[in-house]
Amino acid sequence: MKYILFDLDGTITDSQEGIKNSVEYALKHFNIEVNDRAELNKYIGPPLRQSFMEFAGLSEADSHTAMTKYREYYGPKGIFENKVYDGIPELLKKLKTEGKKIILATSKPWIYAEIILEHFGLKKYFDFVAGSELNGVRTKKADVIAYAVEKYKIPVSDAVMVGDREHDISGAKENNIKTIGVLYGFGSRQELESAGADYIAENVENIYDYVDL
């Protein structure tokens with residue numbers, strides 16, 4: 001497979017501290033207290049507007065307000081409360097050396113994704129960055145992947161999507177792209193297998209094993 005699409009949160013970086021802090025900050029605006037921060041894991045990966053409605057019970061209008069509050073914290077601070085998973089820079093370098101085309105496909109706004117990749121010195125490995133817009137356009141993972149396929153002219157038969165949540169798997173399947181679910185992120189084996197992942201990677205090194213099949 002020549003075209004490797006990567007999710008960002010939970011696949012390239014461990015972003016949970018910044019995302020959880022930002023979600024908690026947003027929820028406080030609505031006087032919603034978080035008693036167990038582990039409960040905030042479910043906000044990592046899916047589109048946030050949808051998550052605020054589904055998990056916090058906010059109305060559609062309030063979910064837009066929550067996004068504004070989220071970005072008040074995330075933009076200047078939360079975005080950097082983040083770290084790259086061990087082995088990722090080495091994996092990306094190896095794939096690049098072998099002539100693979102590396103694409104980022106994230107539901108996060110592309111402008112934030114670009115900042116994160118630059119901050120960690122990873123931007124040089126990526127041939128294309130696909131993400132959502134700040135106005136909410138293209139937040140579904142299937143739409144992000146479709147956008148990447150269209151803009152970068154990706155032949156889906158020669159591509160694979162690497163991600164840690166069910167949305168990565170189902171979004172790729174909607175675009176007829178094979179999938180590798182990773183277990184070191186925020187999703188479980190059951191979640192990934194139920195979504196129909198073609199391969200399951202226990203660790204970063206396993207990703208290369210499946211890409212090289």
Side-chain angles (χ1 to χ4, degrees), residues 1-13 15 19 44-51 67 71 74-75 79 82 84-85 88-89 91-182 185 187 192 195-199 201 207-208 210-213:
M1 290 174 272
K2 184 175 181 179
Y3 298 83
I4 319 300
L5 288 76
F6 282 94
D7 172 48
L8 181 58
D9 297 325
T11 303
I12 297 293
T13 66
S15 54
I19 292 177
I44 305 173
L48 274 169
R49 279 191 181 86
Q50 174 186 328
S51 294
M67 285 302 303
R71 288 170 181 161
Y74 187 79
I79 194 171
N82 201 352
V84 179
Y85 285 110
I88 285 293
L91 172 66
L92 295 175
K93 183 177 181 180
K94 189 172 185 177
L95 293 173
K96 196 70 175 173
T97 300
E98 294 183 358
K100 307 291 188 184
K101 299 300 181 182
I102 305 175
I103 294 96
L104 191 75
T106 175
S107 293
K108 185 185 294 298
W110 66 267
I111 192 168
Y112 288 155
E114 293 264 8
I115 291 170
I116 292 166
L117 293 180
E118 289 282 5
H119 178 72
F120 289 116
L122 301 177
K123 182 67 168 60
K124 60 190 175 185
Y125 298 119
F126 286 85
D127 297 281
F128 187 74
V129 173
S132 63
E133 301 288 348
L134 287 170
N135 63 4
V137 171
R138 212 169 46 246
T139 56
K140 285 183 59 180
K141 184 52 71 79
D143 294 341
V144 172
I145 295 172
Y147 174 79
V149 168
E150 178 188 358
K151 292 296 182 181
Y152 200 69
K153 309 299 183 189
I154 299 171
V156 296
S157 61
D158 198 20
V160 65
M161 176 73 204
V162 184
D164 68 309
R165 299 300 307 272
E166 61 181 315
H167 307 82
D168 302 311
I169 308 304
S170 59
K173 288 172 73 70
E174 283 187 46
N175 286 278
N176 298 310
I177 291 177
K178 288 189 174 66
T179 55
I180 299 173
V182 302
L192 294 168
D198 294 292
Y199 310 103
I207 295 172
Y208 182 80
Y210 293 126
V211 165
D212 203 39
L213 284 176

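Hydrogens, waters and symmetry mates are skipped; everything else that's a heavy atom, side chains included, is used.
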Next item on the list: State the CG-CD1 distance between Asp164 and Ile44, to the nearest 0.5 angstrom.
Entry: 8.5 Å
Checklist line | Ala105 versus Leu5, closest heavy-atom pair with distance | finding: CB-CD2, 4.3 Å
Checklist line | side-chain hydrogen bond (donor to acceptor under 3.5 Å, both in side chains) involving Ser15 - partner list, sequence neighbours excluded | finding: Asp9
Check: Which heavy-atom pair separates Ile154 from Ala159 by the least distance, and what is that distance?
Finding: CG2-CB, 3.8 Å
Note to self: Applying side-chain hydrogen bond (donor to acceptor under 3.5 Å, both in side chains), can you list everything that pairs with Ser51, at least two apart in sequence or on another chain?
What the structure shows: none
Next item on the list: Could you pull out all residues at least two apart from Tyr152 that satisfy side-chain hydrogen bond (donor to acceptor under 3.5 Å, both in side chains)?
Entry: none
Checklist line | CD1/Ile111: more than 12 non-hydrogen atoms of other groups inside 6.0 Å | finding: no
Item checked: Minimum heavy-atom distance Thr106-Ala113, with the two atoms named -> CG2-CB, 3.9 Å
Check: Any side-chain heavy atom of Ile12 sitting closer than 4.5 Å to one from Tyr125?
Finding: no
Note to self: To the nearest 0.5 Å, what is the distance between OH on Tyr85 and OG1 on Thr13?
What the structure shows: 7.0 Å
Notebook entry, point to check: Looking at side-chain heavy atoms only, is the closest gap between Ile116 and Ile79 below 4.5 Å?
Noted result: yes
Margin query: Applying side chain to side chain donor-acceptor pair (under 3.5 Å) as the test, list every pair that has at least one member in residues 170-181; sequence neighbours left out.
Written below: Thr179-Asp198
Notebook entry, point to check: By salt bridge (Lys or Arg N to Asp or Glu O under 4.0 Å), which residues pair with Lys96, not counting sequence neighbours?
Noted result: Asp127
Note to self: Looking at every non-hydrogen atom in both residues, tell me the closest pair between Val144 and Ser107 and how far apart they are.
What the structure shows: CG2-CA, 4.3 Å
Notebook entry, point to check: Hey, does Phe6 have a side-chain heavy atom less than 4.5 Å from the side chain of Leu92?
Noted result: yes
Next item on the list: Give, for atom CG of Leu8 and atom CG of Asn82, the distance between the pair rounded to the nearest 0.5 Å.
Entry: 7.0 Å
Check: NE2/His167 to CD1/Ile145 distance, rounded to the nearest 0.5 angstrom?
Finding: 12.0 Å
Notebook entry, point to check: Do you know which two heavy atoms are closest between Arg165 and Gly45, and how far apart they sit?
Noted result: CG-CA, 4.3 Å
Next item on the list: Could I get the full list of salt bridge (Lys or Arg N to Asp or Glu O under 4.0 Å) partners for Lys123, not counting sequence neighbours?
Entry: Glu114
Next item on the list: Go through the steps to decide whether Ile177 and Val149 satisfy the test side-chain contact (heavy atoms from CB on, under 4.5 Å), and finish with yes or no.
Entry: CA-CA 10 Å; Ile177 291 177; Val149 168; 3.9 Å; yes
Notebook entry, point to check: Can you check whether Gly131's main-chain N or O pairs, donor with acceptor, with Lys108's side chain at less than 3.5 Å?
Noted result: no
Check: Does Phe126 have any ring pair (Phe, Tyr, Trp, His ring centres under 6.0 Å) partners at least two apart in sequence or in another chain, and if so, which?
Finding: none
Notebook entry, point to check: Quick one: which of Ile102, Asp212, Ile207 gives a side chain to side chain contact (heavy atoms under 4.5 Å, CB included) with Leu95?
Noted result: Ile102
Check: Taking all atoms of both residues into account, what is the closest heavy-atom pair of Ala197 and Ile169, and its distance?
Finding: N-CG2, 3.5 Å
Note to self: Does anything in residues 138-151 form a side chain to side chain donor-acceptor pair (under 3.5 Å)? List the pairs, not counting sequence neighbours.
What the structure shows: Asp7-Lys141, Glu133-Arg138, Lys141-Asp168
Checklist line | side-chain contact (heavy atoms from CB on, under 4.5 Å) assessment of Val182 paired with Val162 | finding: CA-CA 7 Å; Val182 302; Val162 184; 3.7 Å; yes
Margin query: With ring-ring contact (aromatic ring centres under 6.0 Å, His included) as the rule and sequence neighbours excluded, what pairs involving residues 92-118 come up?
Written below: Tyr74-Tyr112
Next item on the list: Just jot down the ring pair (Phe, Tyr, Trp, His ring centres under 6.0 Å) partners of Tyr199, sequence neighbours excluded, or say none.
Entry: Tyr210
Next item on the list: Would you please test Phe120 and Ile88 for side-chain contact (heavy atoms from CB on, under 4.5 Å) and show each step?
Entry: CA-CA 11 Å; Phe120 289 116; Ile88 285 293; over 6 Å; no
Note to self: Taking side-chain hydrogen bond (donor to acceptor under 3.5 Å, both in side chains) as the definition, give me every residue that meets it alongside Arg71, ordered by chain and number, with sequence neighbours left out.
What the structure shows: none
